[in-house]
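Input: a single structure, listed below in structure tokens.
Scope of the values below: all heavy atoms of this structure, side chains included, with no hydrogens, waters or symmetry mates.
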Amino acid sequence: MPETSRRRVLTGDTPTGSLHIGHWVGSVKRRVEIQETHDCFFLVANLHAFTTRADKPEEIRRDCIEVVRDALAMGVDPEKASIFLQTEVPAILELTYLFSMLLPYNRVMRNPTLKDELKVKGLEDNYSFGFPLYTVGQTADILAFRAHDVPVGEDQVPHLELTREVARRFNKYYCGVPDKAPDEEHESLGGVFPIPVADVGKVGRLIGTDGINKMSKSLGNSILITDTPKQVKKKLGKIYVGVDNRQPNDPGEVDPEKNPLFQYVETFIESPDEVAELRDRYARGDNIGDGVVKVRVAECISELLEPMQDRRKQYESDDVILDILHEGCRKAIAATEQTLEMAKEAASLKFFDRTISI
């Protein structure tokens, strides 16, 4: 695979159904931007989906197609970025096994994102061995591509820190990189892996329409990119804004900072002047309430979704999606086989050359 002077990017999604606006502001919008300037690989983490739905393989397969269709609708360009399936890239699984030897079990279980997921999904006392293992798998997803940048939502930053630890440890154990070497110098000092950095979107964690939890389709609090204006308006109307948002020094005024609805105002209304006016009028109780704000936000979200929905029609055929995935997998295999060869050479694990194609 030819070398490129561009920084490399790896990010992706676990296929749990259609993408929603939380995905857009948290990561996908950034992907669309950097595909113009970076060497981009976008992962469909279908094996990770088995951590909680191993009994629903056909459903996961269907979701793989849908998540790609939605990403393309949002503006990911298959001519500029490689979209691929995790299970078609064997180097990822091999590196997962190797990296699991470099991480103590208790370090994996201290990951706050993992703890939150177990709690939200009600799995604290009943989860598969594969559930904590997938956090190690995420390090392999990233490092298999020797990615420099990882566009993620705020909640995924702890996963990336685990990846950074693995990269440092591998480079130290097997490549002779000094223990105190600056992260940015690991490659120049002979390390196989760069130390990747998080690229957090403008909105690291979009609150769902329940007004409490992070937006998630599984929690039923999401706005999908396929939603009609009527559906968007109905969902926005359900946002719970709380009852304790009055200013302590003036019971006639209310505090937008305590109202989750204003995260939507800041995120989806493009005009800074309009945002400032809404905040000011709302705070002063100037003939404006939650209903007025919700209607305006719903209008802006529908305006955002309209071109996505039009673009999505170009990708209605599953065969088109599969062709895009096939080409993306081919490129991903080439990139990761190169990394795996370097890693095995460094760790004295390479005995023979091999070629894998798809």
Side-chain angles (χ1 to χ4, degrees), residues 1 4 6-49 60-93 95 134 137-153 155-157 159-160 163 194 196-201 225 308 311-312 314-315 318 320-339 358:
M1 183 174 179
T4 173
R6 289 184 165 193
R7 287 175 68 87
R8 184 171 285 179
V9 169
L10 184 286
T11 190
D13 303 288
T14 301
T16 55
S18 302
L19 296 183
H20 51 65
I21 60 172
H23 292 112
W24 168 250
V25 299
S27 176
V28 182
K29 182 179 181 181
R30 185 64 181 139
R31 297 178 211 178
V32 173
E33 294 169 349
I34 62 179
Q35 69 184 357
E36 304 293 336
T37 56
H38 289 63
D39 186 14
C40 294
F41 289 89
F42 299 148
L43 163 78
V44 181
N46 53 331
L47 190 59
H48 289 340
I60 293 172
R61 184 182 181 87
R62 179 70 253 165
D63 286 347
C64 289
I65 302 295
E66 290 305 314
V67 78
V68 174
R69 185 174 284 123
D70 284 347
L72 295 167
M74 287 178 168
V76 172
D77 187 341
E79 297 296 322
K80 299 175 181 176
S82 301
I83 310 171
F84 67 96
L85 292 158
Q86 185 181 46
T87 49
E88 298 297 330
V89 184
I92 292 176
L93 303 183
L95 287 171
Y134 102 86
Q138 282 191 320
T139 71
D141 293 336
I142 297 165
L143 296 179
F145 291 87
R146 284 175 288 144
H148 301 93
D149 303 291
V150 186
V152 291
D155 61 316
Q156 294 297 311
V157 172
H159 282 313
L160 187 61
T163 304
V197 295
D199 186 344
V200 181
I225 71 165
M308 295 182 186
R311 196 180 298 116
R312 198 174 189 274
Q314 304 172 28
Y315 301 104
D318 286 1
V320 171
I321 303 297
L322 290 171
D323 285 344
I324 289 170
L325 282 170
H326 187 275
E327 178 61 15
C329 289
R330 185 187 67 79
K331 293 179 180 178
I333 288 172
T336 56
E337 282 297 301
Q338 185 182 61
T339 301
I358 187 172

Could you work out, with ring pair (Phe, Tyr, Trp, His ring centres under 6.0 Å) as the rule, every residue matching H159, not counting sequence neighbours? Y134

Output for pair (D199 CG, R7 CZ), nearest 0.5 Å, gives 9.5 Å

According to side-chain contact (heavy atoms from CB on, under 4.5 Å), who are the partners of E337, at least two apart in sequence or on a separate chain? P90, A91, I333, L340, R354, I356

Residue set satisfying side-chain contact (heavy atoms from CB on, under 4.5 Å) with D323, at least two apart, ordered chain then number -> none

Set of residues satisfying salt bridge (charged side-chain N to carboxylate O under 4.0 Å, His left out) with respect to D141, sequence neighbours excluded: none

Are any of the side-chain heavy atoms of H326 and I358 separated by less than 4.5 Å? yes

Using the salt bridge (charged side-chain N to carboxylate O under 4.0 Å, His left out) criterion, which residues pair with R31? Sequence neighbours excluded. D13

Contacts of R330 meeting salt bridge (charged side-chain N to carboxylate O under 4.0 Å, His left out) (sequence neighbours excluded), chain-then-number -> E327

With sequence neighbours left out, which residue pairs that include part of residues 71-80 fulfil the side chain to side chain donor-acceptor pair (under 3.5 Å) condition? E36-K80

A147: which residues meet the side-chain contact (heavy atoms from CB on, under 4.5 Å) condition with it, sequence neighbours left out? L10, I142

Given side chains that start at C-beta, do those of L43 and V89 come closer than 4.5 Å, heavy atoms only? no

Non-neighbouring partners of T37 that pass side chain to side chain donor-acceptor pair (under 3.5 Å), sequence neighbours left out: none

Sequence-distant partners of F84, ring pair (Phe, Tyr, Trp, His ring centres under 6.0 Å), two or more places apart: F145

At what distance, to the nearest 0.5 angstrom, does CG of L93 lie from CG of L47? 6.0 Å

Applying side chain to side chain donor-acceptor pair (under 3.5 Å) to S18 and not counting sequence neighbours gives none

Partner residues of D63 under the side-chain contact (heavy atoms from CB on, under 4.5 Å) criterion, sequence neighbours left out: P15, R53, E59

